[in-house]
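Read the structure below first, then the notes.
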Amino acid sequence: MNLTVADILECTGGFLARGNGDTPVDRLCTDTRILRADDVYVALRGKHYDGEEFVLEALEKGAAGVVCSREFSLCNAPNDAFVVTVLDTTTALGDIARHWRQKVDPTVLAISGSSGKTTTKEMLAHVCRGEMNVLATEGNKNNHIGLPLTLARLREDHEVAIVEMGMNHSGELTQLAQIAQPDIALLTNVGDAHLGNFESMDHLLAAKAELIESLPEGATAILNADCPQCARVRSEFSVPSTVLTYGVHMKADVQARNIQQGHPFGYQFTLRVSDESVPVFLPVFGRYQVQNALAAAAAAAALGVSPQTIAERLTTFQAPEMRSQIRRFGGLRVVVDCYNASPSATIEAVRSFAEMMDDCRRILVLGDMLELGQFSERMHRRVGDAVADTKPALTICVGEQARWIADEAHHAEANVCIAASVDEAVEILSVYMESGDAILVKGSRATRLERLVDLLQTRMTEEINEETTI
């Protein structure tokens with residue numbers, strides 16, 4: 001960044017307890033483990049941590065100064081180190097990021113939704129990077145801490161900032177929009193993720209609509225025409241005059257037509273943007289990825305990228321880690337889709353798996369889906385129905401709540417079993433699987449099902465090495 005301590009004081013309303021207002025502020029850091037010399041350490045405080053315990057450590061590591069909520073005895077600190085005190089350091093982090101965003105003034109495109117946010121963001125960044133200087137959220141750092149730190153990475157030559165916004169409670173998207181001040185907002189869908197944190201789908205819908213309602217006059221909203229809840233956002237909430245839609249099944253500004261499964265995987269379709277049509281090959285797992293590609297295409301079009309360039313760039317896209325990745329080892333094809341899992345997304349993954357892997361024996365490994373509250377049993381049983389409909393050779397359910405998946409699928413005479421842990425699931429797989437099988441691994445991040453894939457690959461590698469030695 002290109003700010004000074006005086007800028008921090010102005011945008012946060014803080015007090016300069018030590019140091020000089022002319023001191024430059026180049027980078028922000030909230031973790032002393034990765035702090036570099038001359039970073040500004042923002043001492044965040046939360047329910048289970050207190051960053052102010054590490055203020056002295058930050059200064060000893062060479063921090064230019066700190067932003068904290070109380071004064072410290074700094075007799076051993078460097079003479080030129082500054083200390084700014086504020087009422088709340090998390091709020092101050094957002095204030096600084098908003099101030100820098102306004103100074104750089106790129107086009108800010110915000111992406112939110114129940115599913116597909118990160119993949120859509122990665123697709124869009126991949127499409128745009130050949131055409132303009134882009135900053136994008138790293139991974140899924142999409143909350144009240146990750147978003148400001150993303151904006152703090154803006155350089156003055158960045159033309160576009162593509163930021164992901166997550167939420168699990170009312171008011172969160174309003175807060176994030178106040179920090180990022182987006183010019184364009186994309187809502188991928190409104191589904192059942194985090195439904196347990198709300199009284200009803202109506203309350204969840206209102207919370208998702210906050211991003212669109214936060215847009216200023218003259219901004220652009222991008223909505224999924226295939227999502228009934230997005231249609232409700234447009235009809236029941238305040239939206240800007242410019243709305244761009246995308247979809248497969250409904251008439252939309254950006255469409256995919258003639259969708260066909262590619263070989264050995266991926267999808268071919270015709271991308272239509274306004275009156276122009278171009279062929280696309282999308283080299284990813286899952287028919288639902290076509291929706292993500294359309295969302296990215298609509299957003300890219302809003303940024304001025306041509307349909308031909310969009311099509312060319314999508315052809316070289318690679319899925320982010322643990323999001324519909326296809327890994328091959330030991331004669332297996334393993335679809336690793338375990339960064340998150342909502343009921344709707346899990347059902348789509350199960351159906352896509354059945355469609356794409358219809359030439360081999362299919363095995364499902366499904367973990368708990370979290371943050372569903374009072375709706376958890378019903379939603380897990382919905383997934384169990386989908387499992388039974390697609391008739392996999394075996395389904396292994398991992399976790400307490402995933403037992404409802406197994407119970408529902410068992411009632412439909414599907415071949416299912418329950419594993420109490422990832423290690424037990426690996427043992428079951430080791431006995432059952434054969435070379436040529438395909439395995440889908442899907443569950444919420446907290447279930448850590450990616451461990452299963454790593455353990456399985458390690459075990460198979462060791463067995464191959466032993467056979468070679470013999």
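Only a predicted model underlies this, so the values are computations on that prediction, with no experimental measurement involved.
The residue from Asn189, Thr188, Asp226 that alone fulfils the side-chain hydrogen bond (donor to acceptor under 3.5 Å, both in side chains) condition with Gln291 is Asp226. The side-chain hydrogen bond (donor to acceptor under 3.5 Å, both in side chains) test with Arg287 is passed by exactly one of Glu355, Glu348, Gln261: Glu355.
Geometrically, Arg361 engages Tyr432 in a cation-pi contact, judged by NZ or CZ lying under 6.0 Å from the ring centre and within 45° of the ring axis.
With 3.5 Å as the limit, one finds no donor-acceptor pair spanning the side chains of Ser238 and Glu213. Side-chain polar atoms of Arg98 and Gln181 form no donor-acceptor pair below 3.5 angstrom. There is no side-chain donor-acceptor pair under 3.5 Å between Ser444 and Thr447. Glu321 and Gln325 share no side-chain donor-acceptor pair at under 3.5 Å. Under the 3.5 Å distance criterion, with hydrogens and angles disregarded, a donor-acceptor pair is assigned to the side chains of His126 and Thr316. Residues His380 and Glu377 bring no donor and acceptor atom of their side chains to less than 3.5 Å of each other.
Side chain of Asn292 to main chain of Thr119: no donor-acceptor pair is present (N/O by atom type, distance under 3.5 Å, no hydrogens or angles). Side chain of Ser112 to main chain of Met165: a donor-acceptor pair is present (N/O by atom type, distance under 3.5 Å, no hydrogens or angles). A distance-only check finds a donor-acceptor pair linking the side chain of His158 to the backbone of Arg155 [under 3.5 Å]. The closest donor-acceptor contact from the side chain of Thr315 to the backbone of Ala311 lies under 3.5 Å. Side-chain N or O atoms of Thr137 include one that pairs as donor or acceptor with a backbone N or O of Glu164 at under 3.5 Å. With hydrogens and angles disregarded, no donor-acceptor distance shorter than 3.5 Å links the side chain of Gln268 to the backbone of Gln260. Judged by distance alone, the side chain of Lys121 and the main-chain N or O of Lys117 form no donor-acceptor pair under 3.5 Å. Of the possible polar contacts, none joining the Glu156 side chain to the Val104 backbone as a donor-acceptor pair under 3.5 Å is found. At distances below 3.5 Å, not a single donor-acceptor pair connects side-chain atoms of Arg101 with backbone N or O atoms of Ile179. With hydrogens and angles disregarded, no donor-acceptor distance shorter than 3.5 Å links the side chain of Asn415 to the backbone of Leu394.
In this structure, the side chains of Ser324 and Gln289 come closer than 4.5 Å at one or more pairs of heavy atoms. With a 4.5 Å cut-off on side-chain heavy atoms, Val86 and Val67 count as touching. The shortest distance between side-chain heavy atoms of Glu371 and Asn168 falls below 4.5 Å. Residues Val163 and Ile111 form no side-chain contact, since every pair of their non-hydrogen atoms from C-beta on lies 4.5 Å or further apart. Considering only heavy atoms from C-beta on, Leu28 comes within 4.5 Å of Ile96 through its side chain. Under the 4.5 Å side-chain criterion, counting only non-hydrogen atoms from C-beta, Leu364 is not in contact with Ile396. With a 4.5 Å cut-off on side-chain heavy atoms, Asn2 and Lys103 count as touching.
Salt-bridge check for Asp202 with Arg232: passed, with a basic side-chain N closer than 4.0 Å to an acidic carboxylate O. The pair Arg382-Asp385 fails the salt-bridge criterion, with no side-chain N (NZ, NE, NH1 or NH2) lying under 4.0 Å from an Asp/Glu carboxylate O. Residues Glu131 and Arg313 are not paired through a salt bridge, judged by the lack of any N-O separation under 4.0 Å between the basic side chain and the carboxylate. Taking 4.0 Å as the cut-off between side-chain N and carboxylate O, Glu122 and Arg323 do not count as a salt-bridged pair. Under the 4.0 Å criterion applied to side-chain N and carboxylate O atoms, Arg272 and Glu276 are not assigned as salt-bridge partners. Salt bridge annotation for Arg36-Asp26: absent, with no cationic side-chain nitrogen under 4.0 angstrom from a carboxylate oxygen. Checked for salt-bridge contact, Asp437 and Arg362 miss the test: no charged N lies under 4.0 Å from a carboxylate O.
Around atom CE of Met132, more than 12 heavy atoms belonging to other residues, nucleotides or ligands sit under 6.0 Å away. Within 6.0 Å of CD1 on Ile259 lie more than 12 heavy atoms contributed by other residues, nucleotides or ligands.
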